[in-house]
Enquirer: 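Structure below; questions to follow.
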Amino acid sequence: MTEMTATSPVLKDRFGRIHDYLRLSITDKCNLRCVYCMPEEGLPFFPDEKVLSCEEIIQLVQHFAKLGIHKVRLTGGEPLLRKDILEIVAGIRSIPEITDIAITTNGLALPRLAPALKKDGVDRLNISLDTFDPKRYHEMTRGGQLKRVLAGIEAASREGFVIKLNTVVIKGQNEHELVDFLAYTFDHDVNVRFIEFMPIASKQQEWSERYLGIEEVFRICQENGWDYTPLKLSGNGPSENYQISGAQGSFGLIHPVSCQFCESCNRLRVTADGCLKSCLYWGDEIDLRSRLTDFEAFETAVWQALADKPENHEMALNEQDRVKDKTPTWRHMSQIGG
């Protein structure tokens, strides 16, 4: 069923987009309660038996590798809470077709785990950091300590990881710090990615009050006399990247709401309980866990997800007539894996 090229299989949807990137949530648990990721009261976490085991994760990635997936990102929740995280990484690294492994993390465990993660084969880290203010960090994460994530970034830098900082911009909370994040790139070899606040599992009025378009960063650069130029970074993520003249690092814009990047979407998402989501926003998903022992059934399910994948997510809900399931996802970001 898989389309073949001269060298490898290709997963292509009906819009011609080639999918070679898997975002795999390995837990819905997290030791923070970020305002854009969970409700204030928190969420009931899946019981352990409902979450994919290490063996199931490796089997799942092996199946995807046969279908043309080369790049894997482990997400959560907080993936570094898994006690078997190093075993998971090593198992994925042993799959010959997988050429790139990344992890999205809040960074709190990196002072302890960064050396081992590097040794076992992780190439890149995305670390969540929405503010440099300790009090505001405590508020936005509902209990986190800024010094711990900064120590995690330092530990990752020492190990030589390719590092991206994920900064969700929220009106009334951290928009005044955009200049600080831009200035941070002068002395730190990281890519700061400004991400629009997305209306996922949020009430429309609440989201509208907190949403801010991130093109504001260009005005800040102009105000400070910072010249910037477009930059091509390795990987095929959704950000538009730039570098300020004289800076070690760079910055990127991810604007899923104000500007659709769906035309180049190359990713499939699997939740911690083993469901395949072809689109971040919509509610349709297919159970893969029950198909792990039958590759043919697994492959059929993946192709079904690609057939159901819409051309874009249209977070404003203008595309409801074009998707199989017309209901936005019931899952919060921590349950999807970002």
Side-chain angles (χ1 to χ4, degrees), residues 30-42 76-78 80-81 104-112 114 125-158 161 163-198 200 202 206-226 228 239 242 244 247-255 257 332-334 338:
C30 190
N31 45 0
L32 297 177
R33 298 288 184 274
C34 296
V35 295
Y36 51 79
C37 198
M38 288 191 191
E40 186 173 359
E41 65 274 15
E78 173 46 51
L80 300 190
L81 288 180
T104 296
T105 172
N106 61 31
L108 302 185
L110 287 176
R112 173 173 59 88
L125 294 172
N126 284 27
I127 304 172
S128 298
L129 180 64
D130 302 311
T131 175
F132 289 115
D133 183 308
K135 181 180 179 181
R136 187 168 295 110
Y137 184 83
H138 188 271
E139 293 172 349
M140 293 185 73
T141 59
R142 300 191 179 105
Q145 297 182 12
L146 178 65
K147 63 181 180 181
R148 291 184 60 190
V149 67
L150 293 178
I153 294 171
E154 292 177 6
S157 297
R158 287 194 299 270
F161 286 103
I163 299 174
K164 295 179 180 179
L165 301 184
N166 287 349
T167 302
V168 178
V169 180
I170 303 178
K171 185 191 299 182
Q173 297 202 31
N174 64 348
E175 74 269 28
H176 61 287
E177 291 190 71
L178 297 180
V179 64
D180 299 319
F181 279 99
L182 289 168
Y184 187 80
T185 68
F186 279 94
D187 301 318
H188 298 83
D189 186 13
V190 301
N191 177 242
V192 176
R193 308 197 313 167
F194 299 108
I195 305 172
E196 287 179 334
F197 178 48
M198 290 180 279
I200 293 181
S202 298
E206 177 188 4
W207 169 75
S208 298
E209 292 173 350
R210 299 161 75 186
Y211 170 78
L212 179 71
I214 52 178
E215 292 79 7
E216 177 75 3
V217 299
F218 296 130
R219 183 190 63 79
I220 293 172
C221 286
Q222 293 168 359
E223 277 189 354
N224 287 272
W226 294 336
Y228 57 88
S239 63
Y242 304 85
I244 298 173
Q248 293 185 36
S250 58
F251 69 92
L253 306 183
I254 299 180
H255 28 62
V257 179
H332 289 265
M333 287 297 289
S334 62

Enquirer: If we only count heavy atoms from C-beta on, is the Val149 to Thr141 side-chain gap below 4.5 Å?
Expert: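 Not touching, per the 4.5 Å side-chain cut-off.
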Enquirer: Could you check Val190, Asn126, Thr104 and say which one makes a side chain to side chain contact (heavy atoms under 4.5 Å, CB included) with Lys164?
Expert: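 When Val190, Asn126, Thr104 are each tested with Lys164, the side chain to side chain contact (heavy atoms under 4.5 Å, CB included) holds only for Asn126.
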Enquirer: Any idea which heavy atoms bring Asn191 and Gly252 closest together, and the distance?
Expert: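 Closest approach of Asn191 to Gly252, heavy atoms only: ND2-N, 3.8 Å.
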Enquirer: Would you find a donor on one side and an acceptor on the other, under 3.5 Å apart, between the side chain of Asn106 and the backbone of Leu108?
Expert: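 Yes, Asn106 side chain to Leu108 backbone: donor-acceptor pair under 3.5 Å.
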Enquirer: Show the nearest heavy-atom pair for residues Leu146 and Pro134, with the distance to one decimal.
Expert: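 That closest heavy-atom pairing would be CD2-N, 3.7 Å.
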Enquirer: Mind checking the CE-CD spacing from Met140 to Gln173? Nearest 0.5 Å is all I need.
Expert: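 Spacing of CE (Met140) from CD (Gln173) equals 4.5 Å.
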Enquirer: Okay, side chain of Thr167, backbone of Leu129: is any donor-acceptor separation there less than 3.5 Å?
Expert: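 At least one qualifying donor-acceptor pair exists.
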Enquirer: With salt bridge (Lys or Arg N to Asp or Glu O under 4.0 Å) as the rule and sequence neighbours excluded, what pairs involving residues 127-140 come up?
Expert: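 Counting only pairs at least two positions apart or across chains, the salt bridge (Lys or Arg N to Asp or Glu O under 4.0 Å) contacts touching residues 127-140 are Asp133-Arg136, Arg136-Glu177.
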Enquirer: Measure the CD1-OG distance between Ile254 and Ser239 for me, rounded to the nearest 0.5 Å.
Expert: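 That separation rounds to 5.0 Å.
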Enquirer: Going by ring-ring contact (aromatic ring centres under 6.0 Å, His included), name the residues that satisfy it together with Phe251, two or more places apart in sequence or in a different chain.
Expert: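 ring-ring contact (aromatic ring centres under 6.0 Å, His included) check on Phe251 returns Tyr242.
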Enquirer: CG of Leu110 to CG of Leu150: how many Å apart, nearest 0.5 Å?
Expert: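 Nearest 0.5 Å value for the CG-CG distance: 12.0 Å.
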Enquirer: Between atom CD of Glu215 and atom CZ of Phe194, what is the distance when rounded to the nearest 0.5 Å?
Expert: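 One gets 12.0 Å once the value is rounded to the nearest 0.5 Å.
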Enquirer: Side chains of Tyr228 and Gln222: does their closest heavy-atom pair fall under 4.5 Å?
Expert: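 In contact.
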Enquirer: So Arg142 and Val35, do their side chains get closer than 4.5 Å, heavy atoms only?
Expert: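 Yes. Closest side-chain heavy atoms under 4.5 Å.
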Enquirer: If every non-hydrogen atom of Leu182 is compared with every non-hydrogen atom of Trp226, which pair is closest and at what distance?
Expert: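 Smallest interatomic distance, heavy atoms only, reads CB-CZ3, 3.7 Å.
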Enquirer: Can you name the nearest heavy-atom pair linking Glu78 to Asn31, along with the distance?
Expert: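 Answer, listing the atom of Glu78 first, then Asn31: CG-OD1, 3.9 Å.
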Enquirer: Roughly how far, to the nearest 0.5 Å, is CG of Leu125 from OG1 of Thr105?
Expert: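 Thr105 OG1 to Leu125 CG: 7.5 Å, rounded to 0.5 Å.
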Enquirer: Are any of the side-chain heavy atoms of Leu165 and His188 separated by less than 4.5 Å?
Expert: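 Heavy-atom side-chain distance check fails, nothing below 4.5 Å.
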Enquirer: Report the residues that fulfil side chain to side chain contact (heavy atoms under 4.5 Å, CB included) with Arg158, sequence neighbours left out, ordered by chain and then residue number.
Expert: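 Expected list: Glu154, Ala155.
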Enquirer: Ignoring hydrogens, what is the shortest heavy-atom contact between Pro111 and Gly152? Give both atom names and the distance.
Expert: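 For Pro111 and Gly152, the tightest heavy-atom pair comes out as CD-CA, 3.6 Å.
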Enquirer: For residues Ile244 and Cys221, report the shortest heavy-atom separation together with the two atoms involved.
Expert: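 Distance-wise, the nearest heavy atoms are CD1-SG, 4.2 Å.
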Enquirer: When you measure from the side chain of Asn174 to the backbone N and O of Val168, does any donor-acceptor pair fall under 3.5 Å?
Expert: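 The answer is yes, because a donor-acceptor pair under 3.5 Å joins these two groups.
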